[in-house]
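Residue numbers count from 1 along this sequence. The analysis underlying the following values was restricted to heavy atoms, covering all of them including side chains, and did not include hydrogens, waters or symmetry mates.
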Amino acid sequence: MQTEARVGVVVEGGGGAQRGLNSGNVDGGARKLAQSQIGTLSQLLAGGVAGALSKTCTAPLARLTILFQVQGMHSDVATMRKPSIWREASRIVGEEGVRAFWKGNLVTIAHRLPYSSVNFYAYEHYKKLLKMIPGLENHRDNIGTDLCVRFVAGGSAGVTAASATYPLDLVRTRLAAQTNVIYYRGIWHTLQTITKEEGVLGLYKGLGATLLGVGPSLAISFSVYETLRSFWKLHRPNDSTILVSLSCGSLSGIASSTATFPIDLVRRRKQLEGAGGRARVYTTGLFGIFRQIIRNEGFRGLYRGILPEYYKVVPGVGICFMTYETLKKLLTDTTTSL
């Protein structure tokens with residue numbers, strides 16, 4: 001993902017100052033600062049809008065994924081039916097209404113705007129920091145070194161963004177997992193109820209599993225995306241940027257979701273521990289939960305809900321990357337013309 005912003009600078013001032021600007025007599029430090037601020041704003045805005053739009057478009061599939069992932073927590077595994085997207089979607093429409101597909105979407109947007117902004121912004125800066133490591137300057141054109149930098153930067157950015165916005169992610173899961181019985185009513189009520197019943201630390205249930213999964217997920221996503229995009233541009237430089245972003249973003253999403261879906265399933269279940277006053281289901285650590293799921297539901301239980309996740313990932317990640325690239329280019333062109 002080419003996210004270095006090349007933007008213009010707007011400087012306000014009187015006539016003499018404006019003539020000085022036109023003639024190029026501007027302090028270099030001030031120019032660099034203004035360029036940096038505009039570049040930062042472009043990255044944050046483009047990343048936030050891209051994440052929010054992507055999540056809104058794929059919200060119905062995302063809710064189906066969550067409902068399937070948590071089915072084994074309080075259900076009798078022996079009587080549990082094979083996940084069926086059509087059957088579950090029909091149930092939601094019949095019992096909850098069409099709008100229920102977007103249950104929790106408001107908190108999703110409230111979460112994704114800061115999450116995506118921090119994620120994309122941190123990724124660019126982690127890349128720059130890694131490339132400043134002594135010894136890497138002479139290997140910038142090395143494919144292996146470049147891939148390693150992208151992998152580490154992507155994982156670090158994911159951990160940073162997830163830690164900063166985690167309580168909203170937990171609230172989103174609890175709202176989306178509700179079906180007929182409504183225990184949590186809105187974002188603030190959920191935050192207050194969790195804090196009252198489970199303590200402040202209850203807002204961070206499942207954070208360990210989240211960080212364990214989000215690092216590899218983002219690392220795979222970013223590194224696969226940029227590697228595919230660079231390869232595509234090298235062999236087909238005249239292809240549409242939107243087509244390249246959509247295709248490479250979708251493939252990178254499939255790769256990262258396949259590799260990290262089991263840890264995501266455990267993360268969702270940990271987030272729902274004690275929800276609605278229910279008793280705890282898992283009393284062991286992270287690896288104990290993996291063993292319990294495999295023992296009760298089989299190895300396939302770790303991938304319960306993977307099908308709607310695939311359906312969600314292809315358009316979701318594609319829309320996210322495509323929107324990010326398009327908005328960043330638009331913001332860059334706009335600020336350049338000012």
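A pairwise comparison of heavy atoms in Thr179 and Ile182 identifies O-CD1, 3.8 Å as the closest pair. The two residues Ser257 and Ile306 have their closest heavy-atom pair at O-CD1, 4.4 Å. The two residues Ile319 and Cys57 have their closest heavy-atom pair at CD1-CB, 4.1 Å.
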- Query: Passes side chain to side chain contact (heavy atoms under 4.5 Å, CB included), Lys270 versus Leu207? Steps please.
  - Reply: CA-CA 9 Å; Lys270 286 289 289 180; Leu207 179 60; over 6 Å; no
- Query: Do Arg268 and Glu309 pass the salt bridge (charged side-chain N to carboxylate O under 4.0 Å, His left out) test, and can you show the C-alpha distance, the side-chain angles, and the key distance before you say yes or no?
  - Reply: CA-CA 14 Å; Arg268 294 295 186 192; Glu309 176 72 9; over 6 Å; no
- Query: Gln69 and Tyr303: side chain to side chain donor-acceptor pair (under 3.5 Å), yes or no, with the steps?
  - Reply: CA-CA 8 Å; Gln69 283 180 321; Tyr303 284 90; over 6 Å; no
- Message: One pair to check against side chain to side chain contact (heavy atoms under 4.5 Å, CB included): Leu211 and Ser163. What are the steps and the verdict?
- Response: CA-CA 8 Å; Leu211 297 183; Ser163 300; 3.4 Å; yes
- Starting from the C-alpha separation in whole Å, work towards a yes-or-no answer on side chain to side chain contact (heavy atoms under 4.5 Å, CB included) for Tyr282 and Ile293. CA-CA 10 Å; Tyr282 304 108; Ile293 292 174; 4.1 Å; yes
- Start with the C-alpha gap between Leu212 and Thr260, add the side-chain angles, then the distance that decides, and say whether side chain to side chain contact (heavy atoms under 4.5 Å, CB included) holds. CA-CA 9 Å; Leu212 187 62; Thr260 61; over 6 Å; no
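Partners of Ala153 by side-chain contact (heavy atoms from CB on, under 4.5 Å), not counting sequence neighbours, listed by chain and number: Tyr123, Tyr126, Lys127, Leu130. Under the rule for a ring pair (Phe, Tyr, Trp, His ring centres under 6.0 Å), the partners of Phe231 that lie at least two apart in sequence or sit in another chain are His235. Judged as a side-chain contact (heavy atoms from CB on, under 4.5 Å), and not counting sequence neighbours, the contacts of Ser223 are Leu147, Arg150, Phe151. Partners of Ile294 by side-chain contact (heavy atoms from CB on, under 4.5 Å), not counting sequence neighbours, listed by chain and number: Leu302. Partners of Thr190 by side-chain contact (heavy atoms from CB on, under 4.5 Å), not counting sequence neighbours, listed by chain and number: Val171, Leu175, Tyr184, Ile194.
Applying the salt bridge (Lys or Arg N to Asp or Glu O under 4.0 Å) test to every pair with at least one member in residues 53-63, sequence neighbours left out, gives these pairs: Arg63-Glu96. Counting only residues at least two apart or in different chains, salt bridge (Lys or Arg N to Asp or Glu O under 4.0 Å) contacts with residues 239-255 comprise Arg236-Asp239. Within the structure, salt bridge (Lys or Arg N to Asp or Glu O under 4.0 Å) pairs that include any residue of residues 198-212 comprise Arg174-Glu198, Glu198-Lys205 (at least two apart or interchain).
Rounding to the nearest 0.5 Å places CZ of Arg267 at 13.5 Å from CD1 of Ile289. Here the OH-OH distance, from Tyr115 to Tyr166, works out to 12.0 Å after rounding to the nearest 0.5 Å. Rounding to the nearest 0.5 Å gives a distance of 6.0 Å between CG of Leu228 and CG of Leu251.
Tracing side-chain contacts under 4.5 Å through hydrophobic residues (I, L, V, M, F, W, Y), one reaches Leu203 starting from Val159; they form part of the same cluster. There is a path of hydrophobic side-chain contacts, each under 4.5 Å, that joins Tyr225 to Tyr310. Note on Val70 and Leu170: same hydrophobic cluster, where clusters join Ile, Leu, Val, Met, Phe, Trp and Tyr whose side-chain heavy atoms are under 4.5 Å apart, directly or indirectly. Residues Leu272 and Phe261 fall within the same hydrophobic cluster, defined by Ile, Leu, Val, Met, Phe, Trp and Tyr side chains chained together at heavy-atom separations under 4.5 Å. Linking ILVMFWY residues whenever their side-chain heavy atoms come closer than 4.5 Å, directly or via other members, leaves Leu265 and Ile66 in distinct clusters.
Counting heavy atoms from C-beta outward, Phe290 and Ile263 have side chains that approach closer than 4.5 Å. For the pair Tyr183/Thr193, a side-chain contact is recorded, criterion being any heavy-atom separation below 4.5 Å from C-beta on. Looking only at side-chain heavy atoms (C-beta outward), Tyr204 and Gln271 stay at 4.5 Å or farther from each other. In this structure, the side chains of Leu168 and Arg172 stay at 4.5 Å or more apart for every pair of heavy atoms.
Cluster partners of Leu64, by chain and number: Leu61, Leu67, Phe68, Ile85, Ile92, Val93, Val98, Phe101, Trp102, Leu307, Tyr311. The rule joins Ile, Leu, Val, Met, Phe, Trp and Tyr whenever side-chain heavy atoms lie under 4.5 Å apart. Other residues sharing the hydrophobic cluster of Trp232, ordered by chain and number and joined by side-chain separations under 4.5 Å: Leu243, Val244. Counting Ile, Leu, Val, Met, Phe, Trp and Tyr side chains that sit under 4.5 Å apart, directly or through other members, Val118 stands alone, with no cluster partners. Other members of the cluster containing Val200 do not exist, because no ILVMFWY side chain is joined to it at under 4.5 Å.
Ion pairing between Arg91 and Glu88 holds under the 4.0 Å rule for side-chain N and carboxylate O. Ionic pairing of Arg229 and Glu226 is not present here: no N-O contact between side-chain nitrogen and carboxylate oxygen is shorter than 4.0 angstrom.
Not a single donor-acceptor pair under 3.5 Å links the side chain of Ser221 to the backbone N or O of Ser217. Using modelled atom types, one side-chain atom of Ser256 and one backbone atom of Gly253 make a donor-acceptor pair closer than 3.5 Å. Of the possible polar contacts, one joining the Thr108 side chain to the Gly104 backbone as a donor-acceptor pair under 3.5 Å is found.
When each of Thr323, Leu327, Ile109, Thr58 is tested with Leu53 by the rule side-chain contact (heavy atoms from CB on, under 4.5 Å), just one qualifies, namely Thr323.
Arg304 and Gln71 share a donor-acceptor pair across their side chains, judged by distance under 3.5 Å alone.
Within 6.0 Å of atom NZ in Lys233, more than 12 heavy atoms from other residues, nucleotides or ligands are found, so the atom counts as buried in its surroundings. Within 6.0 Å of CZ in Arg295 there are more than 12 heavy atoms belonging to other residues, nucleotides or ligands.
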